[in-house]
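Below: the structure, in structure tokens.
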Amino acid sequence: MPKTIRKSKLQENSKNGNAQERSKRLNVQKTYKLFIGGKFPRTESGRYYTLKSADGELLGNICRASRKDFRESVLAARGAFKGWSSKSAFNRSQILYRLAEMLEGRQAQFVDELIIQGASSSMAQKEVIAAVDRLVYYAGWCDKYQQIFSAVNPVASSHFNFSVLEPTGVVVITAPEENSLIGLVTTAASAIAGGNTCIILASESKPLCAISFAEVINTSDVPGGVINILTGKLSELIGHFTTHMDVNSIVYCGNDASTIKKIKSDSTSNLKRPVFRKNINWLSAEAETPYFIADTQEIKTTWHPVGI
Amino acid sequence: MKTKQKATVKKVTSTNGSMVDISLKFNEGWSYSPAPESTDHVSIKERYELFIGGKFVKPIKGKYFATINPATEKKISEVANASSEDVDKAVKAARKAFGPWSSLPARERGKYVYRIARMMQEKARELAVIESIDGGKAIRESRDIDIPLAAAHFFYYAGWADKLDYAFPNKKPKPLGVAGQIIPWNFPLLMAAWKIAPAIAVGNTVILKSAETTPLTSLKLAEIIQEAGLPDGVVNIITGAGDTGAAIVNHPDIDKIAFTGSTSVGKIIQKAIAGTDKKATLELGGKAANIILDDAPLDQAVEGIINGIYFNQGHVCCAGSRLFVQEGVAETVIRKLKDRMQTLIVGDPLDKNTDIGAINSKEQLATINKYIKIGKKEGADFYQSACDIPERGYWCRPTLFLNVSQSHRIAQEEIFGPVLAVQTFRTVDEVIEKANNTPYGLSAGIWTDKGSKIFNITSKLRAGVIWANTYNKFDPASPFGGYKESGFGREGGLPGLQAYLNLG
């Protein structure tokens, strides 16, 4: 199926550009692929779904990720976990900040993608700016949340006893369907700030920013496998997400009661920690909280005798 | 009951092939006289009703079941078997009490909880004796650990009641409502305290179901709660078996389920409440690694191994049931361990010299014996101390298996008895890998004299509670709970509050 030529909204809106001259040039279309282990593979299944704009313009053939793609992602995330979780908090903080730097420089691309997926220009710009700031926000938490949530516990016996947070491990995130950029950025940042690695399923109806964000990840210093991004159908993949035995937590950003029930029920396979983000206003301060980080953390308590 | 020990001298082949005596000659020339705890001050009724709405009421269907002393197999008392109608009655009482209780000034609520703690301390000796009679636990443990810790739990959480504004920065915590709590038989009163204290301190009301084989101390706690004047319905304590637990889990007007027990039942509960808004904390099974490095203080480590696996007859979810000894010291550690095992006294739970009491029930003894059989069949080397055990009752001598491999079921599955699976290792990386190679993640132990090794290993073990150069220590201020399939949520400390609050 030949792709129709889509003009960039920015090009259309550009006052300085020579519109006539540009229209002669054939745009180079991007193939939107998955992001697994720091690489951009197509889905192994060879399947796609068609993404169209509100006025019926073809935006792309989006990879419809399979169970095998998901399994590959879990392998990549598990492989990256040891290295990422043992990095110093300061180092993780700088890497998240680097993500913000990379996104800042590519704002125009993201605004453009949000607009062609249906956002107004002002909303698109607001969301992109918020996404950059959100990364800065969570970058700052990396070396601070531990001090909020950990404790030295005054036990009665002669022991030194303390509790710290540790990442729960590999986290699957289903990004919110709306706010496809800021939702994805918030959930990813809060998971990896705490040392987890993650697999994110992008918004099904608005997947473009997710793959473009993978390019941002890939040009910052986030090690391969720390964030993996899939596109496809939640209804098809959710059963694989919940029953995979090497996933430690699943974060669902949505309100569908039957999906919530399925996640709670099926995640008992290996007692994944289910986390639900219902009715969150992703652009507001509600989505800026260290409790989002704490939701995918475990508490470890260590005892040691005091004295001889 | 006299428990004479006849530790015979064992001959084993040392590494150079010669036969050497390794067993110390314990108790050959002397033995302990019986030192039974007196029971004349203990009052146990012939029959107990359900504690609902501040009163002891008969079960609607009029059914009762016996609770027996596992050390004598004799009936101690009988308790009500709560049906789903009784559960409903208890939930209604708890719901009715929730509004007034949660809106009581927090300080007043705290003072009620303090009062319960103090009255438990006053009755500590009676509670300890009943705990040992009903569950088979050695009196030394129920007296020094279970009961004081249970009272301390109420005391600790009482003080949180009016300080919640400081517990969760930037949040306005609210109680969840009615909590259904289901507890196991291994630490009956302590588990009741772990469940009830934080729940009511922060304004919830509860229905607690004690375990089928150990109902008595929670009913004594009900008496204390009644005497303390706690408003009717804030705490409801009922007795029964699995059906009663299921009725709690499935009751539509319960907001929170707190469960301690096996991983398989925990998963069933989580599935059962999946379609509801009920919140859950699950404290489930474990298969903890207890790791002895070659620079460990070996005598202390051996005490730690003993305490890790033989504490409370091994009926401990965080028991150090997988022992990993570094090769260089394995022979010494195992020799010392076997010697120490020979000194352990198995017998009358009420005897103050007893180290290992009765196995909690006939069913549990059958489970333990099944695993001993499996261990032998799988080819591990079986060793048991030679102590005498009483003729009646349910008993298991301290047991260990050597030459266990990772794939053996006795190294994979929770036995919940005094059975230790011993493996050796060469490097630290190897033992971390082996220790983490389990679906469980409740606890672990590590023994070494080098601080940097402790921090290296404790930070890499995927478990919720880690004891370094100690084992099986508990405190109300110390969060307890597991990673992975050992459950979620924490009990104890500030995180223990979160299980009973809506942070909004």
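Lettering follows sequence order; numbering is per chain, from 1.
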Please classify the contact of Pro439(B) with chain A as side chain, backbone, both or neither, using a heavy-atom distance under 4.5 Å. neither
Which bit of Leu494(B) is near chain A, if near means a heavy-atom gap under 4.5 Å: side chain, backbone, both or neither? neither
With a 4.5 Å cut-off on heavy-atom pairs, point out which of Val155(A), Ile260(A), Ile148(A) contacts chain B the most. Val155(A)
CG (Asp69(A)) and CG (Leu237(A)) are apart, to the nearest 0.5 Å, by 8.5 Å
At a 4.5 Å cut-off on heavy atoms, which part of Thr276(B) comes close to chain A: side chain, backbone, both, or neither? backbone
Honestly, the part of Phe149(A) sitting under 4.5 Å from a heavy atom of chain B is neither
Between Phe160(A) and Phe162(A), is the ring centre distance below 6.0 Å? yes
Identified side chain to side chain donor-acceptor pair (under 3.5 Å) counterpart of Ser478(B) within the set Thr301(A), Asn161(A), Asn153(A): Asn161(A)
Reported CD1-to-CG distance for the pair Ile192(A) and Leu99(A), which is rounded to 0.5 angstrom: 6.0 Å
Most chain A-contacting option - heavy-atom pairs closer than 4.5 Å, from Gly275(B), Pro169(B), Gly492(B), Ala468(B): Ala468(B)
Side chain, backbone, both or neither: which part of Ala444(B) has a heavy atom under 4.5 Å from chain A? neither
So which of Val465(B), Leu282(B), Leu503(B) has the biggest tally of heavy-atom pairs under 4.5 Å with chain A? Val465(B)
Heavy-atom cut-off 4.5 Å, strictly under: side chain, backbone, both or neither for Ala151(A) against chain B? neither
Interchain contact, Ile454(B) with chain A, by part (heavy-atom threshold 4.5 Å): side chain
Check each atom of Thr168(A) against the heavy atoms of chain B and say whether the ones under 4.5 Å are side chain, backbone, both or neither. backbone
Cation-pi check, Arg67(A) to Phe70(A): give yes when NZ or CZ is under 6.0 Å from the six-membered ring centre and within 45° of the ring axis, no otherwise. no
Kindly say whether Ala139(A) contributes a backbone atom to a donor-acceptor pair with the side chain of Ser93(A) at under 3.5 angstrom? yes
Between Gly266(B), Pro479(B), Gly445(B), Gly493(B), which shows the greatest number of heavy-atom pairs under 4.5 Å with chain A? Pro479(B)
Residue from Ser459(B), Gly441(B), Ser443(B) scoring the most non-hydrogen pairs under 4.5 Å with chain A is Ser459(B)
Under a 4.5 Å heavy-atom cutoff, which of Ile268(B), Asp475(B), Asn170(B), Leu461(B) has the most pairs with chain A? Asp475(B)
Which atoms of Ser269(A) approach chain B - backbone, side chain, both or neither, heavy atom under 4.5 Å: backbone
Counting only non-hydrogen atoms closer than 4.5 Å, does Tyr471(B) touch chain A with its backbone (N, CA, C, O), its side chain (CB onward), both, or neither? neither
Flag this pair as yes if the NZ/CZ of Arg277(A) is under 6.0 angstrom from the six-membered ring centre of Phe292(A) and inside a 45 degree cone about the axis; otherwise no. yes
Using the six-membered ring of Tyr440(B), assess whether NZ or CZ of Lys484(B) lies under 6.0 Å from its centre and within 45 degrees of the ring axis. no
For Pro274(A), is it the side chain, the backbone, both, or neither that has a heavy atom closer than 4.5 Å to a heavy atom of chain B? side chain
Would a distance-only check, ignoring hydrogens and angles, find a side-chain to backbone donor-acceptor pair under 3.5 Å from Arg273(A) to Leu271(A)? yes
Assert yes or no for the condition that the ring centre distance of Tyr114(B) to Phe155(B) is strictly below 6.0 Å. yes
Side-chain donor/acceptor of Asp256(A) to backbone N/O of Thr259(A), under 3.5 Å: yes
Contact part of Ser163(A) toward chain B, heavy-atom cut-off under 4.5 Å: side chain, backbone, both or neither? side chain
